[in-house]
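Chain letters run A, B, ... following the sequence lines, proteins first, then strands; residues in each count from 1. Note: hydrogens, waters and symmetry copies are ignored here, and every other heavy atom, side chains too, is used.
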Amino acid sequence: MDVEHVRYALEELRFLAEVPSEVIARLADAASLQRAASGSVIFREGTRNANLYLLRKGKVALDMKVPGRGSVRILTLGPGEMIGWSALLGEGKMTAGAVALDDSELVVIDSHGLLRLCESDHHFGFQIMRRMAAALAQRLVATRLQLLDLFADLPAGAAAPVRLEPGDGP
Amino acid sequence: MRDASRSAAAAGLRPWRTHTVRVREILAEVEGVATYDLAFRDESAGAAYRFAPGQFNMLYLPGAGECAISISEDRATSAGYRHTVRVAGNVTKTLTGLRPGDTLGLRGPFGTSWPITDCIGRDVVLVAGGIGLAPLRPAIGSLMRNARQFGRRHLLYGARSPESLLYWRQYEEWSQAGIRVHTTVDRADSRWTGHVGVATLLLERLDAIDARNAVLMCCGPEVMMRFTIAAALNRGFAPDRIWVSLERNMQCGVGLCGHCQMGGEFVCRDGPVFRYDRVAPFLDVEAF
Amino acid sequence: MNGHSGADAGQRFLHKDRFPCLLEQLEAMGYSVIGPTLDQHAIVYDRIRSVDDLPRGWTDEQQPGSYRVRRRTDDAWFGYVVGPHSWKGYLFPTPVVIARAAREGGDWEFKEADDAPPKFAFLGVRACEIAAIRVQDRVFLAESYVDPIYEGRRTRALIVAVNCEQAASTCFCPSMGTGPRCTSGFDLALTELSDGFVVEVGTAEGAALLATLDSSEASISQLRAAQAARRSASEQIERSLDTRGLRDLLMDNLEHPRWDETASRCLSCANCTMVCPTCFCGSVEEVSDLAGGRVERRRRWDSCFNIDFSYMNGGHVRDSIRSRYRQWLTHKLASWNDQFGTSGCVGCGRCITWCPSGIDLTEEVLAIRGDAPVSEGSS
Ligand SMILES: Cc1cc2nc3c(=O)[nH]c(=O)nc-3n(C[C@H](O)[C@H](O)[C@H](O)COP(=O)(O)OP(=O)(O)OC[C@H]3O[C@@H](n4cnc5c(N)ncnc54)[C@H](O)[C@@H]3O)c2cc1C
Ligand code: SF4
Ligand code: SF4
């Protein structure tokens, strides 16, 4: 699997749309491609994991263990989305477990290598972190919507007396 | 004195004219939701009744009151009109006490409809949340017929949990008619292999779509619709090809009672289906 | 229509001694005459059977948040401005049965309203009130769905207007282009003089009615006296509302801090909407007999100031006074234009007078325009 393949895969990702090609080229140096068969575990909750994943194809679920409730599925991710952000931003300890629901393809990025790249080149680092921030903000907003439990006591379309602005910060 | 406006009124429609309809069949859907198949008792009234996908009726239970309910199938079943109702309060609760053969009142159809003809030659994305799939089901029916007129057709549907996905028995049939059905739920355990997360995420992921030329129709909780619109604009959908079905308190259904106003619009009459750019200035004003 | 050319041509003079004949004639024609009458503390509209029912020798004094009736120094019959009532009480009554349901042979049967109102003759309609009726005509009669109650009453009603000869401090009809002079929309329009009325004809019905009365051609001195009387109303008007660009001004300022300021004074009591002659919102309630087999659907006036007005499962759309006052003002002065091609305000000043907090919409608009608010009751 040559670097050109990886580069092509990265350029195709919506996550990296509008990222300059020289940034992608450098990212490709720290990345590789991986397949995950349906049902296979990508990483487990609570374990340390040094990789950041970008999903190319397929579907991946994030599950969290809740005492007394078992494994709760909190989010499913699709092509173009990022998995394992805590490898880059946290201590590398996974906050949820990831399992492939379909045969999937992922771009795997070594987070140590990526962090080193970011530190040595702040422009590059800014581009990457900006994408991360946007992706996390989007997920945060989606999580809030999910939290609102809009379909619980309210029929669809009822004016929930809650206001949340698209693009709200934390 | 006789004013000029009188001439226009001469042919005025009668707002309170209520038809007797009979419950033909009650179909349990998901928890708290059932579909009522209603037939006009008076055949000539039934024959004269015409509606378009997205329109609603006022269902009347004497003593309890009226509520606005969308017509949830794009054409009459053998003899009835379907209404999918979620128990929300007094009137909708009383409705659950009816049995096949019982009668109730119906006024309508009222309001605007989904822009089916605008979809010709374009990709179409329907985004529904919860019971919001009910007003969209007639649009799905229209998109299934003459399928070749339309581009790629997607339904993105979000519900609370796998058990509350409305009309699940029909997804297969819709898929076979070429509508790609993407469902997602807010809550699930790890036995559920479908999507988890809000429907806006599905929209953000949707690949097989020419967003710039596509039509998007959305019905669900208003908060969800605001986020869907934001995601759609972000994906490049044109504001004048995004349509939403809004909800407001309604007493009359015809723009006479004043309750459903939203700026210059009467939701019952100028809506419930609005082109987004027409209501954009109001949708984002708090408590307007 | 009467084909006279000059505005004064064809004006007649009806002596006050002959006025009872007008009332008798209206009764004979099958009309119920409704007009001004003194009801303890206010001049209100009610059944008029003789000239003694009129508020002879009484006037009203109005300020923001205050209304008082007071004895006049003369015996004028229509020597007041406007009271808390408006004609909508008769054309758009509350409560009113709009439909019925009855269980017959197990099935529900539905009937539309069987409103059988008398034919009304409205006596003493002011220019701003004619304008208000025109606004409600637009709402209830000119769209595809027509309100049957309003229609039944309105189409048979006769309007005998009486021009204002004085103004209240709260009046601003000239700003709204609705008064103080009655220029159209009446069957007959009267201007009161000490001994009689100068009468203008508006319609063939008005002309036919006038023809049955013992009137004389108005003399030039009577015409001039009437003109002077009407002019004194115009001259007394001190309040104004700048309507230039008003729709956009309000719709562009939905987040103006003034809404918060007003909300701190507004009690959300809904008085302003009840007294406003153009407000048309209503709610329907169910009234069943004990067995539940017979149900009346009764419509009552409702108000955007009532919290439940915007109720939907899960909450109220307009859950703050700020949002409700904003709804009211923007509807009156802005979105009404979008909906009906006319302002929802005719400048009668009732909402200013009857607001317990003395909130004055003309001041609110000034504040939003960014001009210094004028102090209360002045200007
Ligand atoms: C255009 C339109 C289409 C609708 N289509 C459907 C549908 O297909 N299926 C469905 O289950 N529901 C639908 N609804 C919502 C449904 O009208 C309300 O759930 C229903 O009015 C609740 O009445 P209730 O008496 O049971 O509740 P209560 O809480 O007792 O309501 C009391 C009154 O408040 C008003 N009200 C309460 N909630 C609403 C609301 N959400 N929207 C408008 N008025 C409300 C009504 O006047 C109602 O009679 C629709 C609403 C609108 C405006
Ligand atoms: S808004 Fe006030 S001044 Fe205007 S018509 Fe209504 S009551 Fe009169
Ligand atoms: S503006 Fe005045 S009259 Fe109107 S609701 Fe507020 S306090 Fe009452």
Fill in the blank from the handout: Nearest heavy-atom contact between B:A39 and B:R24 is CB-CD, 3.4 Å

Problem - Check ion pair B:R41-C:E109 (N to O, under 4.0 angstrom) - result: yes

Completion exercise
Whatever's closer than 4.5 Å to a heavy atom in chain B on C:E296 counts as neither

Handout entry: Side chain / backbone / both / neither for B:L106 at chain C, heavy atoms under 4.5 Å
Key = neither

Problem - Aromatic plane relationship, C:F110 with C:W108 - under 30° parallel, 30 to 60° tilted, over 60° perpendicular - result: parallel

Problem - Partner chain C: residue of B:H19, B:M250, B:E265, B:E66 with the largest heavy-atom pair count (under 4.5 Å) - result: B:E66

Handout entry: Option that, when pairs with chain B are counted at under 4.5 Å, heavy atom only, ranks first among C:V295, C:N337, C:V139, C:D338
Key = C:V295

Problem - Worked check of side-chain hydrogen bond (donor to acceptor under 3.5 Å, both in side chains) between C:R134 and C:S184 - result: CA-CA 10 Å; C:R134 194 173 274 139; C:S184 69; 2.8 Å; yes

Problem - Proximity breakdown for C:R326 and chain B, heavy-atom pairs closer than 4.5 Å - result: side chain

Problem - For C:D252, salt bridge (charged side-chain N to carboxylate O under 4.0 Å, His left out) partners two or more places apart - result: none

Problem - Test side-chain hydrogen bond (donor to acceptor under 3.5 Å, both in side chains) applied to B:D270 - qualifying residues, sequence neighbours left out - result: none

Practice task
May I ask you to say whether B:R248 pairs ionically with B:E222, meaning some side-chain N is under 4.0 Å from a carboxylate O?
Solution key: yes

Exercise for the section: Measure the acute angle between the ring planes of C:F140 and C:F92, then classify it against the limits of 30° and 60° as parallel, tilted or perpendicular. Expected result: tilted

Completion exercise
Within residues 282-289 of chain C, contacts to chain B at heavy-atom distances under 4.5 Å involve C:G282, C:S283, C:V284, C:E286, C:S288

Practice task
Select one option (side chain, backbone, both, neither) describing which atoms of C:Y150 are under 4.5 Å from chain B's heavy atoms.
Solution key: neither

Problem - By side-chain hydrogen bond (donor to acceptor under 3.5 Å, both in side chains) - contacts of B:D240 (at least two apart) - result: none

Exercise for the section: Name the region of C:R297, side chain, backbone, both or neither, that has any atom closer than 4.5 Å to a heavy atom of chain B. Expected result: side chain

